[in-house]
Structure formats: C-alpha cells, structure tokens
Amino acid sequence: MIAGVLVFAGCATEQMRAELVIDVSDGAIGKMQLWPAPPEVPRYLYAGQLTGEANFRRPQQNNSGVVGFLRWIAGIVSGDRVPVVLQRPQNGVVDESGRIYVTDISRQAVFVFDQQTGELLVWDKADGLRGFVAPSGIALGGSGEVLVTDAELGLVVRLDRAGEPVGQFGKGLLKRPTGIARDPQRRLTYVADTHAHDIKVFDDEGRLVNLIGRRGEAPGEFNFPVYLAFARGELYVTDTMNSRIQVFSADGDVLQRQFGSRGLYVGNLVRPKGVAVDHEGNVYVIESYYDHLLVFDRLGRFLMAIGGTGTDTGKFFLPAGVWTDSRGRIFVADMFNGRVMVFQFLGGDADGEV
C-alpha cells in the first residue's frame with residue numbers, strides 16, 4: 001500500500017497542519033557554519049538536514065483535559081512506534097510547489113517531504129502490487145508526473161502526484177538504469193544505463209529515440225556512467241569509472257566539454273557520483289571516495305570543496321546524489337549517514353567574484 005505517513009491528527013476539531021522544518025537543532029546555524037571559512041567571503045551556509053518525520057513539527061497543542069486523556073490512552077494502546085526515517089538516500093528533486101522527493105534504496109521507496117500539506121509520504125509501489133527494489137534516480141516528468149529509475153527492475157516508473165504508478169518504460173532496453181534527467185522543452189528523458197555504458201534517450205511516450213556513447217575512455221565514451229543533470233540546454237554525465245564529467249549538447253551529438261581527473265588532491269575526481277547545476281551555472285559534483293561536495297564553475301574549473309568523512313555538520317559518509325532548487329539550496333544525499341544535508345548558496349560567484 002502506498003503509505004501517507006506522518007498524519008498529525010487528534011480530535012476532529014483539533015486538526016493542525018504540520019510545518020516542514022529543515023532541522024538545524026544541532027546549533028550549527030547559530031555557529032554560522034560557512035564555506036569558505038572567514039576571513040574569506042562566504043558563499044555557502046549550512047541550512048540544516050532532512051532525516052524523516054522529525055522534520056515535521058506542529059503547533060503546541062493543549063494536552064490537558066479530555067484531549068490529553070485521549071492522547072494518553074492512544075499512547076497506551078498503540079505502544080512505542082518506530083519513527084519513519086531515511087535509511088540510504090540516493091538522489092532527489094524539488095518541484096515547483098516545494099515538494100522534496102528523495103529516493104531511498106534501503107527503504108525501497110521514494111520519500112516525499114510535502115511542505116504544503118505538512119506530510120511525509122512514502123511511495124513504495126512501482127507497478128501494481130510490485131514494489132520498488134532499488135530506486136535510484138528521480139526526475140520531474142510531464143503533466144505533474146515523477147519519473148523514478150529502478151536499477152534492479154531495469155525500468156523507469158511513472159508516478160502521478162499521489163504516488164500511484166501510471167506506467168513505465170525501458171523494460172527490456174535498460175540493463176541497470178541509475179541516473180535520470182529530463183529536458184522539458186524537447187520533452188526528452190535521458191537515462192544513464194550504467195551496465196550498458198551509455199545514455200538512452202526516450203520521448204514522453206517511452207520510445208527510445210537516441211543512444212549516446214558506448215564503453216571506452218575516449219571523449220564521448222563512458223565507463224559506468226551513473227548520475228545525470230540537465231541544465232541550460234546541456235546534459236551533464238557523471239562518467240564514474242573514467243573519473244570525469246562530460247557535458248553534451250541537448251541532442252547528445254556534440255561533446256561540449258569535459259573536466260575532472262584522477263588524483264590525490266581535493267578537487268580531483270576518483271569516484272564521482274551525483275552532479276547538479278544551480279541557477280548561476282555553478283556545477284556540483286559528489287566525490288564519493290573522499291566524501292566531498294566539489295564546486296566547479298560552468299567551464300569545469302575547480303572552485304572549492306565542502307565535506308570530508310564524518311558525521312558532523314558538513315561532513316559525509318559515502319554521499320550519493322546532489323540536486324538544487326530555485327531557492328539556491330543544494331541538497332546532498334549523505335547516504336550512509338541516513339540524511340540529506342542542505343546548504344544555502346549565498347550568491348556571487350563561488351570563486352569569490354561578486
């Protein structure tokens with residue numbers, strides 16, 4: 001069953017909508033955790049994290065009298081309940097209404113942080129009674145749909161706004177789909193087929209219309225591509241085992257540029273995963289081997305890094321995907337810490353120019 005988790009309800013007269021709060025309870029906001037650190041001009045601020053139902057808070061309610069008694073009885077009857085939390089988040093996307101969607105490969109579901117309704121939803125159905133097995137990439141489709149790749153099922157699932165499966169495509173064509181991105185103008189969906197070492201392009205009817213790349217190390221070739229991003233008319237591909245990012249024209253026929261190289265220094269790419277682009281053209285790449293979020297300019301010049309291995313604020317443990325929204329926020333799926341870290345871009349160029 002598709003679960004609408006986190007229903008905050010008491011008596012019928014006491015319904016209150018919960019508020020989505022990106023958690024900053026560890027005090028980091030008070031310490032003004034900034035990158036780069038002063039005296040340099042800061043460009044990024046720690047904005048909090050998403051972990052699950054703890055991010056939804058409701059106004060203080062009166063626990064006295066009949067209401068408090070009924071709530072006490074309900075607690076005795078129901079017993080302790082296991083909280084709904086992210087386990088191994090992979091990737092995400094934010095829609096125009098501010099809904100935050102996060103795929104979780106361990107929970108085998110899509111978490112939906114809905115700020116308008118004050119609910120945490122968990123969508124776990126891929127097709128009829130069949131559930132997700134390994135949901136990985138996620139993108140916004142046409143007509144309000146959400147597109148989710150399942151690496152084990154070997155297909156792309158189409159979900160409506162209520163989380164109901166309304167179709168699928170790529171079955172029999174995709175070996176292990178992971179990353180996904182969509183060009184809304186051309187109505188094309190790009191899917192990283194990791195084990196086929198190529199990018200498959202589908203139209204809105206689910207027909208395969210193009211194939212980008214093949215296995216190899218030459219420009220335009222791939223070695224286990226994983227995540228994708230589409231921005232400013234260009235397709236960004238994380239070519240993971242070639243330790244680089246490749247950028248193609250919208251039709252995939254022209255390699256515009258590539259950047260990244262193996263190495264031992266911060267800014268090198270060893271096992272890149274997630275890739276995203278913000279509204280000012282800054283490119284964000286997850287370097288999973290060294291647990292860093294790397295920032296590049298549009299031309300692929302390295303600007304700065306956030307992270308390092310750990311559980312503290314601004315640290316990661318095997319991060320996976322990264323995505324941005326229209327408010328200048330950068331979301332990082334901090335996979336083995338079971339959370340999504342959120343950073344706020346403060347404006348200006350990340351290289352220090354205003």
Side-chain angles (χ1 to χ4, degrees), residues 33-37 40-47 49 89-92 178-179 181 192 223-232 234-247 256-310 312-325 328-337 339-353:
Q33 297 220 6
L34 302 166
W35 292 267
E40 296 187 58
V41 177
R43 298 302 175 192
Y44 297 93
L45 164 71
Y46 169 71
Q49 63 183 18
Q90 292 290 296
N91 209 350
T178 50
N223 192 8
F224 293 96
V226 181
Y227 287 107
L228 306 176
F230 189 87
R232 300 187 174 199
E234 295 180 321
L235 177 68
Y236 291 72
V237 182
T238 303
D239 188 10
T240 299
M241 298 306 289
N242 280 330
S243 301
R244 64 188 178 187
I245 303 296
Q246 299 198 69
V247 187
Q256 308 283 51
R257 59 195 174 279
Q258 63 180 35
F259 60 91
S261 60
R262 296 182 179 90
L264 301 176
Y265 300 100
V266 174
N268 292 141
L269 300 181
V270 181
R271 292 292 183 271
K273 288 189 176 180
V275 60
V277 183
D278 70 15
H279 62 285
E280 294 197 11
N282 297 308
V283 183
Y284 303 93
V285 179
I286 296 295
E287 172 41 61
S288 64
Y289 190 84
Y290 289 120
D291 298 309
H292 275 113
L293 170 65
L294 304 179
V295 186
F296 298 84
D297 69 10
R298 183 179 179 278
L299 299 179
R301 294 174 296 195
F302 174 62
L303 302 179
M304 60 174 294
I306 297 173
T309 305
D312 295 337
T313 299
K315 301 292 185 180
F316 310 113
F317 187 12
L318 287 180
V322 59
W323 64 99
T324 63
D325 71 1
R329 296 182 298 184
I330 301 94
F331 300 78
V332 177
D334 188 10
M335 184 170 61
F336 270 61
N337 280 327
R339 63 188 179 186
V340 172
M341 296 283 288
V342 187
F343 303 89
Q344 179 68 55
F345 179 48
L346 299 178
D349 294 333
D351 61 359
E353 298 181 5

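Counting heavy atoms from C-beta outward, E40 and M304 have side chains that stay 4.5 Å or more apart. Considering only heavy atoms from C-beta on, L293 stays 4.5 Å or farther from P319 through its side chain. Counting only heavy atoms from C-beta outward, the side chains of N223 and D239 approach each other to under 4.5 Å.
Judged by distance alone, with hydrogens and angles left aside, the side-chain atoms of D297 form no donor-acceptor pair with the main-chain N or O of G281 at under 3.5 Å. Judged by distance alone, with hydrogens and angles left aside, the side-chain atoms of E287 form a donor-acceptor pair with the main-chain N or O of V270 at under 3.5 Å. N242 places no side-chain N or O within 3.5 Å of a backbone atom of R244 that could act as its donor or acceptor partner. T240 contributes no side-chain N or O that, together with a main-chain N or O of K273, makes up a donor-acceptor pair within less than 3.5 Å. Using a distance-only test at 3.5 Å, with no hydrogens or angles considered, no donor-acceptor pair links the side chain of R271 to the main chain of Y290. Of the possible donor and acceptor atoms, one in the side chain of N337 sits under 3.5 Å from a partner among the backbone N and O of G310.
Rounded to the nearest 0.5 angstrom, Y236 OH and L228 CG are separated by 13.0 Å. The CD1 atom of I286 sits 8.5 Å away from the CG atom of D334 when rounded to the nearest 0.5 Å. The structure places CD1 of I306 at 7.0 Å from CD1 of I330, a figure rounded to the nearest 0.5 Å. With values rounded to the nearest 0.5 angstrom, Q246 atom CD is found 10.0 Å from L235 atom CG. The CG atom of D312 sits 10.5 Å away from the OH atom of Y46 when rounded to the nearest 0.5 Å. Note: H292 NE2 to N268 CG = 11.5 Å, rounded to the nearest 0.5 Å.
Heavy-atom neighbours of L264 CG from other residues, nucleotides or ligands within 6.0 Å: at or below the threshold of 12. For F224, the CZ atom counts as densely surrounded, since its 6.0 Å shell holds more than 12 non-hydrogen atoms of other residues, nucleotides or ligands.
Here the options are V275, V277, L294, T324, the test is side-chain contact (heavy atoms from CB on, under 4.5 Å), and the partner is Y284; only T324 passes. When each of I245, T238, V285 is checked for a side-chain contact (heavy atoms from CB on, under 4.5 Å) with Y227, only T238 meets the rule.
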Is there a ring-ring contact (aromatic ring centres under 6.0 Å, His included) between Y44 and F345 once you walk through the steps?
-> CA-CA 5 Å; Y44 297 93; F345 179 48; 5.2 Å; yes
For V266 and F302, run side chain to side chain contact (heavy atoms under 4.5 Å, CB included): C-alpha distance rounded to whole Å, both residues' side-chain angles, the deciding distance at 0.1 Å, then the answer.
-> CA-CA 9 Å; V266 174; F302 174 62; 4.1 Å; yes
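A parallel orientation is assigned to the rings of W323 and F331, their planes being inclined by less than 30° (bins at 30° and 60°). In this structure, F296 and F259 have tilted ring planes: the angle between them lies in the 30° to 60° band.
Heavy-atom minimum distance, G321 versus N91: CA-OD1, 3.7 Å. Residues A276 and A229 come closest through the heavy atom pair CA-CB, 4.1 Å. The two atoms that bring A333 and Q90 nearest to each other are CB-O, 3.5 Å, heavy atoms only. The shortest non-hydrogen separation linking K315 to R339 is O-NH2, 3.0 Å. The two residues R232 and E280 come nearest to each other via the heavy atoms NH2-C, 3.2 Å. When all heavy atoms of L318 and S288 are compared, the pair lying nearest together is CD2-O, 4.0 Å.
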